[in-house]
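See structure below.
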Amino acid sequence: MILSIHGQVINSENGTPVENASVIIIDGNGSFPEIASMTDFEGKFSLENVPLGKYQIRAYGLKGEEGKKTVVVTHKMEAIKIFVE
Amino acid sequence: MENAYGLSNEQTMDEQNSDIPINTSSNANVKKSKTVLSYQSDDSDIGTSTSRSYLNFKNSLIGSGEGDGEYSSEETIGEAPITTGGTESAEESAEFSEEISNPNQESGEEYYEAAPDKLTENYSEESNEEGLFDVIGSVVGGLLGGESEEIREAGTAIEGGFENGQEVGSQEEIFPFLAALVPTLISSIGPAVAKGVMSKLSPRARVGVKKIAASAPKVVAGKVIPRAGKNILSVFAKFLEAANEKPMNESGEELGEELTSLITEAAAAMEVIIGKDDRKRITNTTNDPWQRICALRITFPSGKTYRGTGFFIGARTVATAGHCVYLHNQGGWARKVEVIPGANDSTKPYGSSESMTFRSVKGWVNSKKPEHDYGCIVLPAGAFGEKKLGKFGYASPSGETLLTKSAILFGYPGDKPFAQLWGMRRKIKTVTGKTLIYELDTVGGQSGAPVYIKLNGKRYVIGIHNYGNSSGNSATRITPAVFNNLKKWSSIS
């Protein structure tokens, strides 16, 4: 089953969306496309074609902010939030 | 740039095997199935005006000693494509072997039959990758413990890095520490300890532990001279991985201060050894071949944007991953892709070009099969003007040849500012019929990067990087079917 991971990158200090951040999968127990999703003006991103499993997601902002999140991809995936600082 | 603007030809040995599972280990059994080409072509390229089911190549044996033919196209800089032929006819099923392009496609393309060409045997290493070429790619094995106990170990996972062509690495300093730890850990390591160590490792280091513990070749006692440090690490990783997989006791395992300290130290040591990022940055991106590698900024109809990598295979053709031009859940074909050759931070030494014309194959677009996840960007006519960016050659060497050569992979990773060119060199771990698997460090954004080797001093792309996986990152292999599609696409002028 191939699914997607979608969500939003947020600045942990002020709670605002982070635009133009790169969001990538850096580890997981399935094969994942190595394309980097860039956040839109709402901080939203989407990583496609991800098999069921557990993944480490990282976000990198233009100002050097970083954040990470562990995600378990299931059939009922909800939007995730990644806080960067 | 000694060879700038010169024509460099290439040599490639095609293989006639469509299914060749091969291990990279020096003592691995090489299983080679010599079957006639019969690619079940999800690779049919989805083309503009015509679809084809047969790809015919003239015979061209190049003395591989096994009667292998060759599929190759020459690496050039600013020159017209010159191709060499392959052997046999490669029959493909129309179902998957048809080209697909987006609605902005241009018409009038025709596939053409490859003609054999004589290959040069001159060997002249080019300078730009020299500092990257010293990585030890061999796999070493050894045995610790009982003679009947097999230990699997991958040397490649713990190689030191290289700085200015010189090997640097701190692992030697760490091995004595590990040596002292191993007896204790082997006797006392339990799920709690293993999970404690693993939890303190970075994702990269955790991947390294898995690789060392799981992907190394089997060795037989007495046949390989062990390298102490790596064997100790191998044992450590093996026990760590095994214990980490065990369930915890119901009551849990209380960790004393001493054990907690041990976990912290062990994790730190493993992090230093395994978590090392071996990628190197290229800043002279206008040198050959780096100017042929492009940063991509991709926009899909959904509005979502992505970062990827591509590389020139023709004057107007940039090869890349299929998912860099077609994403099923984002509206299908990309709305546009900005191509930036030789990008270096915010510098665009050749400018950039936007394209809305793409190609891929049915195996990706219709069937979403990872092994067929490749395509290309067709640049507008006159893009980059007279700038002689050149192009990569590509080839389909035999599995055995692929395993003897170190592969080089450079692209534009998403964990670095846009756009920096990073990559490394290392031997390929496994070759399957349609995929190359390796432990080259990659991250998101490097999809579409060329995986290339040097044969007789010439560069040949042998795979298109597209997937990450803790058990090994991977590329779509340049099979004869893929080769043929790339050749067709690269002929667009």
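First the proteins, then the strands, lettered A, B, ... as listed; each starts at 1. Side chains are part of it too, since the values below use all heavy atoms of this structure and drop only hydrogens, waters and symmetry mates.
In this structure, CG in B/Leu327 is found 10.0 Å from CG in A/Leu47, a value given to the nearest 0.5 Å. With rounding to the nearest 0.5 Å, the separation of OG1 in B/Thr299 from CG in A/Asp40 is 11.5 Å. Distance check: B/Glu371 CD to A/Ser31 OG gives 10.5 Å after rounding to the nearest 0.5 Å. To the nearest 0.5 Å, atom CG of residue B/Asp415 and atom CZ of residue A/Arg58 are 9.0 Å apart.
With a 6.0 Å radius and a threshold of 12 heavy atoms from other residues, nucleotides or ligands, B/Lys416 has its NZ atom above the threshold.
Nearest heavy atoms, B/Arg297 versus A/Met38: NH1-CE, 3.4 Å. Contact between A/Asp27 and B/Ser470 at its shortest, heavy atoms only, is OD1-CB, 3.6 Å. For the pair B/Gly414 and A/Ser22, the tightest heavy-atom approach, listed with the atom from each and the gap, is O-CB, 3.3 Å. B/Ser447 and A/Pro33 get closest at one heavy-atom pair: OG-C, 4.1 Å.
For B/Lys368, the part sitting under 4.5 Å from any heavy atom of chain A is the side chain, from C-beta outward, and nothing else.
Looking only at side-chain heavy atoms (C-beta outward), B/Ile298 and A/Ile35 come within less than 4.5 Å of each other. Put simply, the side chain of B/Phe300 does not reach to within 4.5 Å of the side chain of A/Glu48, judged on heavy atoms.
Applying the ring-ring contact (aromatic ring centres under 6.0 Å, His included) criterion to B/Tyr467, with sequence neighbours excluded, gives B/His323.
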